[in-house]
Structures are given as C-alpha cells and as structure tokens.
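Quick notes on the structure that follows.
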Amino acid sequence: MPAVLVVEDNRTLCDALAITLTKMGLTAEAVESGDRALECLRHKRYDLVITDFKLPGANGLEVLETAKKLQPGADVILITAFGSVELAVEAMKLGAVDFMTKGFTPEEFRLRVQKALAARADAAERSRLAEENERLRADLEEAAGLGQIVGESSAMREVFETLERVAATDASVLITGESGTGKELAAREIHFKSPRRDKPFVKVACGALSESLLESELFGHEKGAFTGSVKSRKGRFELAHGGTIFLDEIGDISATVQVKLLRVLQEREFERVGGEKTLAVDVRLVSATNKDLKAEVREGRFREDLFFRLHVVPLHMPALREREGDIPLLARNLAAKVCRRMNRPTMPIGRDALEALSVYAWPGNVRELENVIERAIVLCRGESLTAVDLPPLAESGLDLRLPAAGSLDLTATLEDIERRIIGQAFRRNGGNKTQTARCLGINTSTLYYKLEKYGLIEPGGN
C-alpha cells in the first residue's frame, strides 16, 4: 500500500487531505510544519510527498529538495496559495511531479494523486523490464560461448541464417518447434539483434492464463472494469511500446483474444478492458508454439487471417535428435553455464559420457539435456563427468536416435546398440565383470568376449 506524507500548516485542510487519501486506500501521515516533514523524511519511507509551499520552518521547496536527496524514489507534489509560473518551474526543476494551486476540488486532488501514483507504478515496471532486458542481453552475449542456442549442425546453421536476416526487420516471426528446443531464447536473440534492442522485450505465457486474465494482461484494464480492479493498469502491449512482445504458446489463445490480437496487428491500436479510449502502439510481435497451427486452422480452432499475420516469417527450431553432432558442443556449453551459476570451475565431460549423451533421443530436447547435465554435476564426486555420473536417460530402457531412413544397416546398428548397452552396464558396475555379467544376464566368458570385441577392454585384459 503506497505511503503518503502530507505537509500542510492549515490543520483543517491537512486533515481533509489525509482523510481523502485514506479513503483512496493509501497510508497517509499528516504534519503541519516543514521541520517536522524533514524529520519524517529522515526516519520513514514514502512513495509520495504532498507539501504546501509556505510552511512554518522549512518551506515547501526545502521539503522537496530534502525528499529527493534522502528518498530519490519518492515523488513530490507541491501545493501553494501563491501560484506562479516561476515557482512551478523551480519546483519541476527540483524534481516535483506536479504543482497545484489551492482552491482545487476533492475530485481534482484525487485525480492528481492517482495520476502521480500511476506514473510511478509505470516507471517502476519499465525499470524492472529494463533491468530484465539488460540481464537477458548479458546472458545472450555470454551465450556466444556458454548458452543454449549454439550448434554447428546444418539444421542450426539454417536457424542462425534466418535469425540474422529477420532480426534487422520488423516482420512478425512465428517460431515453431517441440517443447525445450529454445524458442524463447531465439525470440530474445531476434530482439537483441534488432534496432529495437534498447527498448523493452516483454514475454507473455499465453497458455498459463485464463481468457479473461490473458485479455487483461495483454491489453490492460481500467479501474472498475471487473471485480477487484481497484485501479487502472497498463497491459503488456503498452509496456512493450517501441520494443518487442513475445507471445509464447500462441496456439492456446481463445477465439475472443484472437480477434483482439488480429486488430492490434492490423491497426496497431486497441482499447483496455473496460475502456473507451483507443490507444496506439508500436511493437514487433514474435510468437511461438509447439502446436501445428495449420492443423488448428483446418479444424477451425485458430483464425486463418491471424495465422497469416503471425506467420510472415516462419522459424523452426529443430529437435535435439535432428541436430546431428551438436550434443557434445551443447553439453560442454551447458556444463560451463551450470558451473558458472554454481560459482565453481568448469567441469570437463569425458568421452564415455559424451557418447552416452549422443545416442539418447532427448524427447525433452535442450531443456532435458540441461537438467541431466546439472544433476550430474551436482552429484559428481570426481573432477570430470563420466558416464557413471549420468542419471538413467530413459525410465523405460534405452532410447536411441536411429539413422535416417534408407541408411539403416541392421547388423551394424544392432552391434552398436549391444556395444553401448554393455559399455554402459560395465561402467555403472564400476568395471566389475561378474556384476556386469549378472546384470546383463549372460555368463562371464561371453562378457569377456564382447568386451574385447567392442574394444571396451584390452585383449587379454582382466
């Protein structure tokens, strides 16, 4: 609840202002002298200071100067019976957000206070977004060597080429791909490589909100628009003005929200929920989905005209199983990222661990890989990760990436699977051949033969 300090030497007016503020749902403290106000400012925190100019002791400008010095985040409204342009200019130069001449009505007073607090909330939200964007930018700059959106496969080279081309434009981008493939990271990269990089990047998880909440989140609402809306609130489109808005899980939005979103894309304008004023907005839209939106259009669940507005530039994030050869690179980068987060030296990954990671199909994609790497690092007792440190990669058994259609050599593939299963069991049993043979359900002599055949031990090794 915002705290307000009222400084007014007229006791009747002072009490009236405090009562009005309390009825507005604010915490109000009233004092009758400038010196008392300075003492309050030294010991308590306020969101807003409303001070008369002519006061016993320190005057209103001195209260203003002290407030901005001791509490830079506090806003100040100056009141005077001696209104003049010179005084107003001086007050604004010292940091006042408003200037009122006595004779104002209670309604005017309420509106001025509401305006000041709304501007304060908006500034706080923009500051939060700016800090978040700065953190994201730093993450992406560091991601050149330590992030998730890395790769050398042909599939990822296509992604990088598209990202570079589309980032410089204002075209809407629809990012598709399975969960965990890095769609949000791609959206951030588009923003931070664009001319809008210094403006807000605002994300909305559409699938996490009900229809009414999503509508309010996107477009904002006016005071009294629905039960509980005690004050007006800007939506994400307004907060993203000049920058980029990222709508994740776009395939989950309702028909009603689809209509409003289409209008924003076509007309670049909208109204808040419960409002009549039309607001113009300049944003770049990037959306993402793991659904087949073309199929959703055919089934009548998604508007075709909206689909074409979103689908100006399609960008597909490939599944990890489609990124041949990228897993070792990703694993090393993710290990470095996790270690950095834990403030510990980067942990190298052994060849056996990289081999085990490379043959798994990764249904959870990069997100699952990061989870596995983090878990292994936390539980690892050595100085490098080995296959023994990895958790089981599939609860129901081995899950392998098979060769592309037309290139499957069944005999070689079966031998490769056998080699990997035996190698994994051998490592997990700490090199104990008797336990490994028992685990695999074969006799020890057969295990010796297989271990030598696949080069898992030296010929004649014990």
Side-chain angles (χ1 to χ4, degrees), residues 1-11 13-102 104 106 108-135 200 223 230-234 238-239:
M1 184 181 296
V4 185
L5 175 65
V6 179
V7 192
E8 170 58 61
D9 61 334
N10 182 316
R11 169 49 65 182
L13 178 58
C14 187
D15 290 343
L17 296 180
I19 291 171
T20 300
L21 293 168
T22 301
K23 288 181 178 179
M24 294 172 64
L26 306 174
T27 300
E29 182 174 359
V31 297
E32 298 179 38
S33 73
D35 292 342
R36 177 63 181 142
L38 298 184
E39 184 179 345
C40 290
L41 289 167
R42 292 188 187 98
H43 297 94
K44 297 180 183 179
R45 306 297 298 179
Y46 300 96
D47 298 289
L48 180 63
V49 177
I50 303 172
T51 179
D52 192 2
F53 171 66
K54 192 173 182 180
L55 295 165
N59 65 33
L61 290 182
E62 291 173 297
V63 172
L64 167 59
E65 286 185 286
T66 302
K68 300 309 292 184
K69 180 180 178 180
L70 297 179
Q71 301 186 32
D75 290 327
V76 181
I77 296 176
L78 189 69
I79 299 174
T80 180
F82 309 98
S84 70
V85 174
E86 292 79 7
L87 183 59
V89 170
E90 182 66 17
M92 295 305 177
K93 283 182 178 180
L94 292 173
V97 297
D98 204 351
F99 182 89
M100 297 176 63
T101 301
K102 286 184 179 179
F104 51 79
E108 181 184 359
F109 176 72
R110 282 193 294 269
L111 289 174
R112 295 289 189 95
V113 171
Q114 288 173 348
K115 180 182 177 182
L117 292 176
R120 175 184 176 83
D122 183 38
E125 178 67 6
R126 287 190 172 275
S127 176
R128 185 190 68 78
L129 287 170
E131 290 178 5
E132 182 179 339
N133 285 350
E134 192 59 38
R135 187 177 67 253
K223 179 181 178 181
V230 295
K231 62 180 180 179
S232 298
R233 181 176 181 273
K234 288 188 176 183
E238 283 181 83
L239 294 173

If I take atom [atom1] from residue [X] and atom [atom2] from residue [Y], how far apart are they, to the nearest 0.5 angstrom?
X: Thr51; Y: Glu62; atom1: OG1; atom2: CD; answer: 10.0 Å
X: Arg45; Y: Asp47; atom1: CZ; atom2: CG; answer: 9.5 Å
X: Lys115; Y: Asp75; atom1: NZ; atom2: CG; answer: 12.0 Å
X: Leu38; Y: Lys69; atom1: CG; atom2: NZ; answer: 11.0 Å
X: Thr20; Y: Lys23; atom1: OG1; atom2: NZ; answer: 6.5 Å
X: Phe99; Y: Arg112; atom1: CZ; atom2: CZ; answer: 10.0 Å

* To do: Evaluate the side-chain contact (heavy atoms from CB on, under 4.5 Å) criterion for residues Leu94 and Val76: first the C-alpha distance (whole Å), next the side-chain angles of each, then the deciding distance (0.1 Å), finally the verdict.
  => CA-CA 10 Å; Leu94 292 173; Val76 181; over 6 Å; no
Check whether [X] reaches the backbone of [Y] with its side chain - one donor and one acceptor, N or O, closer than 3.5 Å.
X: Gln71; Y: Lys44; value: yes
X: Asp35; Y: Ala58; value: yes
X: Lys54; Y: Gly60; value: no
X: Asp9; Y: Ser33; value: no

* To do: Give the minimum heavy-atom separation between Leu117 and Pro2, together with the two atoms involved.
  => CD2-CB, 4.2 Å
* Structure fact -> For Ala30 and Cys14 the tightest heavy-atom approach is CB-SG, 3.3 Å
* Structure fact -> Sequence neighbours excluded, the answer for ring pair (Phe, Tyr, Trp, His ring centres under 6.0 Å) partners of Tyr46 is none
* Beyond-backbone contact of Val63 with Leu5, side-chain heavy atoms, under 4.5 angstrom -> no
* Asked: Should Asp52 and Asn10 count as side-chain neighbours, where that means a heavy-atom distance under 4.5 Å?
  -> no
* Between Arg36 and Glu39, is there a side-chain N and carboxylate O pair less than 4.0 Å apart? -> yes
* Structure fact -> When Leu64, Asp98, Ile50, Leu61 are each screened for side-chain contact (heavy atoms from CB on, under 4.5 Å) with Leu78, the one that passes is Leu61
* Knowing that exactly one of Val6, Leu41, Val4 qualifies, which makes a side-chain contact (heavy atoms from CB on, under 4.5 Å) with Val49? -> Leu41
